[in-house]
Number of protein chains: 2
Amino acid sequence: MTVNPTPPAPTSVTINDVARRAGVSVMTVSNVVNGKTSVRPTTRQRVLDAIEATGYRVNPMARALAGGRNRLLSVIAPQLNLPYVSEVLQGATQAAERLGYDLVVMMIGERNTSDLSVMSRLSAGALLIQPSRRGRVRRLHLPQHVVSVDGPSDLPLVVDNYGGARQAMQHLLALGHTRIGFVSGLHSENILSGDTPEAQLWDRDDASERLRGYHDSMALAGLDVPQGYVQHGDYLKESGEVAVRALLALPRPPTALFVSGDAMALGAMHVAQDLGLHVPQDLSIVGFDDLPIAAASRPGLTTVRQPLQHMGETAVQMLIDLVDGQPVTLPPPFPTELAVRESTAPPPHTRPA
Amino acid sequence: MTVNPTPPAPTSVTINDVARRAGVSVMTVSNVVNGKTSVRPTTRQRVLDAIEATGYRVNPMARALAGGRNRLLSVIAPQLNLPYVSEVLQGATQAAERLGYDLVVMMIGERNTSDLSVMSRLSAGALLIQPSRRGRVRRLHLPQHVVSVDGPSDLPLVVDNYGGARQAMQHLLALGHTRIGFVSGLHSENILSGDTPEAQLWDRDDASERLRGYHDSMALAGLDVPQGYVQHGDYLKESGEVAVRALLALPRPPTALFVSGDAMALGAMHVAQDLGLHVPQDLSIVGFDDLPIAAASRPGLTTVRQPLQHMGETAVQMLIDLVDGQPVTLPPPFPTELAVRESTAPPPHTRPA
DNA sequence: TTGAAAGCGATACCAC
DNA sequence: GTGGTATCGCTTTCAA
């Protein structure tokens, strides 16, 4: 079946049509639509009726051009099929819907050819989620107000990675583990050209914070970190596989692993299983992120959950406050939560033989 | 830290600035920018230099207002954290980037409060992905040109669900299975108000097509479908769990399952494992969709893969052709591909005792 | 090939 | 309270 392009769309109804029909000026219609200055109830009703009758809807472009505010927010993310991004987005969407704002999403991939200026000019504010290292976002192309989640901006929302690591370690220590290995994530870089001092806040990157949490936990528990107990990964499954092989090949291998990302943790778990180990009986594993696959795996992966949806909601709230001209305060790092599943248990030697 | 709202943004450079700097009229600048009528090379270069020097970028709103075309496409989907949607989106993004178009995404949730008119007026065309049953999309709010993936439009791209089901069944039959159970998906409905006849094409919904593929495969293999071998699910994990319990409780339970969705298939697999069955030794399972979790599960799930990225790319191609005023032909249903993993094997009785 | 002028649809400022 | 009118940045139509 072939579809031929349709001719130009019919002209839509404008504010003038409404004004004419209601017998008032366009100004009055505008005022009614925007609920601005006080309009006499009878006049207002007349305008409302005219709007209803004509099916009038404001033209966002014209409004934006004329300097008016749109109840529209844009989200900018590297990709949308990243679990991290979609979680934040989910929260953002809910908040936006609740507060009567619309949300549009743009992706900035590696090449960043995207002309962000479209949305940036049309929307009142932008939420940056985990902008990738490659696709640099220039300040110039962003709306006036920007809030970021896991990315740089004047208002960077961050998760308490250090605290999350401490939670994970506390769980393993409480179970009685003393030989705990660690697999790190990737060190991140800064992105926004023209970084503000605030951007540094974000630069305390996740990987380092989690590593610090591991080291502090071990130290506070009076435990040494044996040679080779800290392996470096890149958040991808494969690196978890490599890391666990190295860890298990150690003369005194760990009885538990704290892995900085779920994908790596699952990779590690599968390799351990392939090597004949039982999880959690022979090896406990804790992940980080609580991706969907963490709950779907067998055994279910104990992992540190980030309040991503909540962060998304908060970001949108802040954005709207900013747009409304209210001062906004950056909240402290968001606390994590430990999702305890089946991949953790006491170490082998503490159980009855 | 508190951030105070910044004062109105500095005025940006307009076409007038460029014209003045280049010593030409705005018309000429416009022509250069849009590559329209022939402009004398020297003049063109002068304008280009001025653009470069000033950092000028066209204001999409003004352009849209004035009736010009934007190289902008919008994608409309119910949610973004659905694997199906993000796969299609991925392909669409790539194609758009390759062809020099921008893509913005809007979600229409259950409530559909979103004012789609923003993007629909700004963008040249829209790609509808799996619009939900609840959030009805009114034609009025869509751009002139619409292509859909798994949804209604004049140009609905569909996957060959029937063929996919046949592939899955063929795989199981070739392994020697004769007792094959089926778990169906959910029957879908039509959405677009004011449905065109073409929309009917899409109305041959996935669930029915897969079921038909199952029945035909059995019939063609000369096999009966015993009572209770067809269970009905809703694509969610839980329904797969319920279905497999019913299936395994049958007097002569199946040795293989063809499940219409990966989430259900995984639910079924886990229940079977909990009941002490080994997959695939005691029970083979084939899914449909090839979600990320299908590859991540243990054992890996054999499943029917849909060419979602490819469909996304095709959709964007078509959209752009349409925008360019070229006639477009609806391609036939997209063929699926079987991803063979570890969840399928010959039935128990055919292996050496 | 280039330019001047008239909108596109809405808002804002300032009179009435 | 309500209504002119200039203006936003760009494209289009029609002359030059």
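Worth knowing before you read on, the calculation uses all heavy atoms, side chains too, and leaves out hydrogens, waters and symmetry mates.
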Could you give me the CA-CA distance, side-chain angles and deciding distance for A:D49 and A:R46, then say whether salt bridge (charged side-chain N to carboxylate O under 4.0 Å, His left out) is met? CA-CA 5 Å; A:D49 288 344; A:R46 202 140 38 88; over 6 Å; no
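At the phosphate of C:dT2, OP1 or OP2 sits under 4.0 Å from a side-chain N or O atom of B:T43. The side chain of A:T14 contributes no N or O atom lying less than 4.0 Å from OP1 or OP2 of C:dG9.
Looking only at atom types and distance, the side chain of B:Q317 has no donor-acceptor partner in the side chain of B:D321 under 3.5 Å away.
The line from CG of B:L157 to OG of B:S148 is 7.0 Å long, rounded to the nearest 0.5 Å.
Rounded to an integer number of Å, the gap from B:R57 CZ to D:dC10 C1' is 16 Å. Between B:R20 atom CZ and C:dA4 atom C1' the separation is 16 Å, expressed in whole Å. To the nearest angstrom, P of C:dT11 lies 14 Å from CE of B:M61. For B:I15 and C:dT2, the CD1 to C1' distance is 14 Å, given to the nearest whole Å. Atom-to-atom, CZ of B:R63 to C1' of D:dT11 comes out at 9 Å; the value is rounded to the nearest Å. Rounded to whole Å, the distance from CG on B:N59 to P on D:dG9 is 7 Å. Residue B:L65 contributes atom CG, which lies 11 Å from atom P of D:dT11 at whole-angstrom precision.
Nearer to the 5' terminus of DNA chain D, by closest-nucleotide assignment, is the contact made by A:R40 (compared with the other of A:R40 and A:A66). Both B:V39 and B:A62 sit near DNA chain C, but only B:V39 has its closest nucleotide nearer the 5' end.
Of the residues in residues 26-35 of chain A, A:M27, A:S30, A:N34 come within less than 4.0 Å of DNA chain C through at least one heavy atom, sorted by number.
Residues A:Y84 and A:V149 come closest through the heavy atom pair OH-CG1, 3.7 Å. Taking both residues in full, the closest heavy atoms of B:R44 and B:V32 are given as CA-CG2, 4.1 Å, listed atom of the first, atom of the second, then distance. The two residues A:A19 and A:V26 have their closest heavy-atom pair at CB-N, 3.7 Å.
Take A:S30 and apply the side-chain hydrogen bond (donor to acceptor under 3.5 Å, both in side chains) test, not counting sequence neighbours, and it matches A:N34.
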